[in-house]
Amino acid sequence: MGRLFVLTLEGKIYSCKHCGTHLALSENIVSKSFHCRHGNAYLFSKVVNVTSGEIETRMMMTGLHTVADIFCVCCGSIVGWKYESAHEKSQKYKEGKSVLERFKISGPDGSHYWASHETHVVGSDADDV
């Protein structure tokens, strides 16, 4: 498989809640108003230490998008998804950006978000940005 190179970030870091691998900096947050099956999610302009799954087209709350799930490079846990393309003009700003699900990452202060048993969001996208 080869040698695994993991980037270490400095600053206010979001990391994989399972293994602690650094994933993103708070300064790269574009929006905190995204939602997923497990609750809140954040849109980031840059994430590191992830691998991408298969690219697929999904109907989300804000329309049709081409996305790929992203996984922690160390433990393989799914941590969110990356927007490859948006089919609607108003959603083009998402292209090339990644969403990290708060349920699957630790915050800069080490906090974890837990899924609410009452969360029933269908789809995986932002309501408004």
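What's counted below: heavy atoms across the whole structure, side chains too, no hydrogens, waters or symmetry copies.
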#### Entry: Candidate list Leu23, Ile105, Asn49, test side chain to side chain contact (heavy atoms under 4.5 Å, CB included), partner Cys16, passing option
Leu23
### Query
In terms of side-chain geometry, is the basic nitrogen of Glu56 or Arg58 positioned less than 4.0 Å from the acidic oxygen of its partner?
yes
### Message
Please determine whether residues Val79 and Ile13 belong to a single hydrophobic cluster, defined as Ile, Leu, Val, Met, Phe, Trp and Tyr linked transitively by side-chain heavy-atom distances below 4.5 Å.
### Response
no
### Query
Who are the ring-ring contact (aromatic ring centres under 6.0 Å, His included) partners of Phe44, not counting sequence neighbours?
Tyr14
### Message
If hydrophobic clusters are built by linking Ile, Leu, Val, Met, Phe, Trp and Tyr wherever their side-chain heavy atoms come under 4.5 Å apart, do Tyr83 and Ile55 end up in the same one?
### Response
no
### Query
What are the two closest non-hydrogen atoms of Leu64 and Met59, and how far apart are they?
N-SD, 3.8 Å
### Message
How close do Ile78 and Lys104 get, counting heavy atoms only, and between which atoms?
### Response
O-CD, 3.0 Å
### Task
Using a 4.5 Å cut-off on heavy atoms from C-beta on, say whether the side chain of Thr51 contacts that of Ile70.
no
### Side-chain heavy-atom pair Phe71, Val73 within 4.5 angstrom cut-off
no
### Closest heavy-atom pair and its distance - Cys74, Val6
SG-CG2, 3.6 Å
### Task
Please tell me if the side chains of Cys36 and Val99 come closer than 4.5 Å, counting only heavy atoms from C-beta onward.
no
### Query
In Å and rounded to the nearest 0.5 Å, what is the OG to NE2 distance from Ser106 to His18?
9.0 Å
### Query
Looking just at side-chain N and O atoms, do His87 and Thr66 make a donor-acceptor pair shorter than 3.5 Å?
yes
### Message
If you define the side chain from C-beta out and look only at heavy atoms, does anything of Leu25 sit under 4.5 Å from Lys46?
### Response
no
### Query
How many angstroms lie between atom NE2 of His65 and atom NZ of Lys82, to the nearest 0.5 angstrom?
14.5 Å
### Query
Taking side chain as C-beta onward, heavy atoms only, is Val30 less than 4.5 Å from Lys97?
yes
### Message
Side chains of His22 and Leu7, heavy atoms from C-beta outward: is any pair under 4.5 Å?
### Response
no
### Query
Does a side-chain heavy-atom distance below 4.5 Å link Cys72 with Cys19?
yes
### Message
Minimum heavy-atom separation for Glu95 and Ala86, please, with both atom names.
### Response
OE2-N, 2.9 Å
### Query
Would you say the side chains of Thr62 and Lys94 form a donor-acceptor pair under 3.5 Å?
yes
#### Entry: Least distance between heavy atoms, Ala68 atom then Gly53 atom
CB-O, 3.7 Å
### Query
Do the side chains of Trp81 and Ser52 get nearer than 4.5 Å, heavy atoms only?
no
